[in-house]
Each structure stands twice: as structure tokens, then as C-alpha cells.
Amino acid sequence: QVQLVESGGGLVQAGGSLRLSCAASGRFFSINSMGWYRQAPGKQRELVATISSGDSTNYSDSVKGRFTISRDNAKNTVFLEMNSLKSEDTAIYYCKAEVRRLNLLYGYWGQGTQVTVSS
């Protein structure tokens, strides 16, 4: 009943920037936290950044100072602005949303979008 539609992935040169978007739609009372995770080939999926319903943010040390997460509650959308990209940032990026329904929390994932940074 909940869909997360991601956009903004692609190919970029090292040092460049990309902006990812993820819009949530479906049946739920509200969205609690939203976040971005990534998974490179042969690696475990890792946290990139999260943002709470009160706009508190949390970042992985590897992206801190380079990436910025934000949200637009009116559009149920979360963004990830990625600057100073490195080849190590190459991965599939997944959007995650924690929604509230009948006073319960449910986690949903987007299908992922590929980010490739060339060096």
C-alpha cells in the first residue's frame, strides 16, 4: 500500500554533485523517519543519512560534510544532496520510509537507484 519512487541517480565525475529524490505515496497516517542507504557490490548495505519527523538528521561518517538530507512533508518526499562525490560513493542507493498506520510502525524500501562516480 506504500510506494517509494526514487529519481536522480546517474553517472557523474568525481568531484561532481547529484540530488536524489524519493516520494512516498499510499495509505498511512504519517511518515516518521526517512532515510537513505546504499550498497556497493560485495558490500553490506549501510546507512547514509536519516531524518526524523522533527528534522533531526544523522549521517554516516563517510559522507558527513558532503551530503545533506532534507524532507518536504507536504510532498512526502525526502532528498539527498550529494556533493564532492568520490568513486567510493558508487553504489545502489535505497530510500527508506518508516510510516505509521493504526498506531504501528512499518518500514518500506524503494527499489534503488544507481549512482556511479567515475574517476
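Note that the numbering runs from 1 along the sequence shown for the chain.
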- Would you list the pairs meeting salt bridge (charged side-chain N to carboxylate O under 4.0 Å, His left out) in which at least one residue belongs to residues 46-55, sequence neighbours left out? Arg38-Glu46

Side-chain donor/acceptor of [X] to backbone N/O of [Y], under 3.5 Å:
X	Y	value
Gln3	Ser25	no
Ser87	Val117	no
Tyr59	Arg66	no

In the structure I gave you, are the side-chain heavy atoms of [X] and [Y] within less than 4.5 Å of one another anywhere?
X	Y	answer
Arg101	Val2	yes
Met82	Asp89	no
Leu85	Phe67	yes

- Query: Do any pairs count as a side-chain hydrogen bond (donor to acceptor under 3.5 Å, both in side chains) and have a residue in residues 69-81, sequence neighbours left out, and if so which ones?
  - Reply: Arg71-Asn73, Glu81-Asn83

Which atom names give the shortest non-hydrogen contact between [X] and [Y], and what distance separates them?
X	Y	value
Ser84	Ser17	N-OG, 4.3 Å
Ala97	Met34	CB-CE, 4.2 Å
Val99	Ile31	CG1-CG1, 4.1 Å

- Give me the other members of the hydrophobic cluster that Tyr37 sits in, counting Ile, Leu, Val, Met, Phe, Trp and Tyr linked by side-chain heavy atoms under 4.5 Å, directly or via other members. Leu47, Ile92, Tyr94, Trp109

- Residues joined to Phe29 in its hydrophobic cluster, side chain to side chain under 4.5 Å directly or through other members, sorted by chain and number, are none

Can you tell me if [X] has over 12 outside heavy atoms packed within less than 6.0 Å of its [atom1]?
X	atom1	answer
Leu104	CG	yes
Gln39	CD	yes
Gln114	CD	yes

- Within one Ile-Leu-Val-Met-Phe-Trp-Tyr cluster: Leu80 and Val12, side-chain cutoff 4.5 Å: yes

- Give the cluster check for Tyr108 versus Val78: same hydrophobic cluster or not, with ILVMFWY residues linked at side-chain heavy-atom distances below 4.5 Å. yes

Measuring from atom [atom1] of [X] to atom [atom2] of [Y], what distance do you get when rounded to the nearest 0.5 angstrom?
X	Y	atom1	atom2	answer
Ser7	Leu20	OG	CG	8.0 Å
Arg100	Ser30	CZ	OG	5.0 Å
Asn32	Ser52	CG	OG	7.5 Å

- Can you list every pair that meets disulfide (SG to SG under 2.5 Å) and has a residue in residues 43-119, with sequence neighbours left out? Cys22-Cys95

- Task: Please list all pairs passing the disulfide (SG to SG under 2.5 Å) test where one or both residues lie in residues 57-94, with sequence neighbours left out.
- Result: none

- Item | Step-by-step side chain to side chain contact (heavy atoms under 4.5 Å, CB included) determination, Ser60 to Val48 | CA-CA 5 Å; Ser60 166; Val48 177; 5.5 Å; no

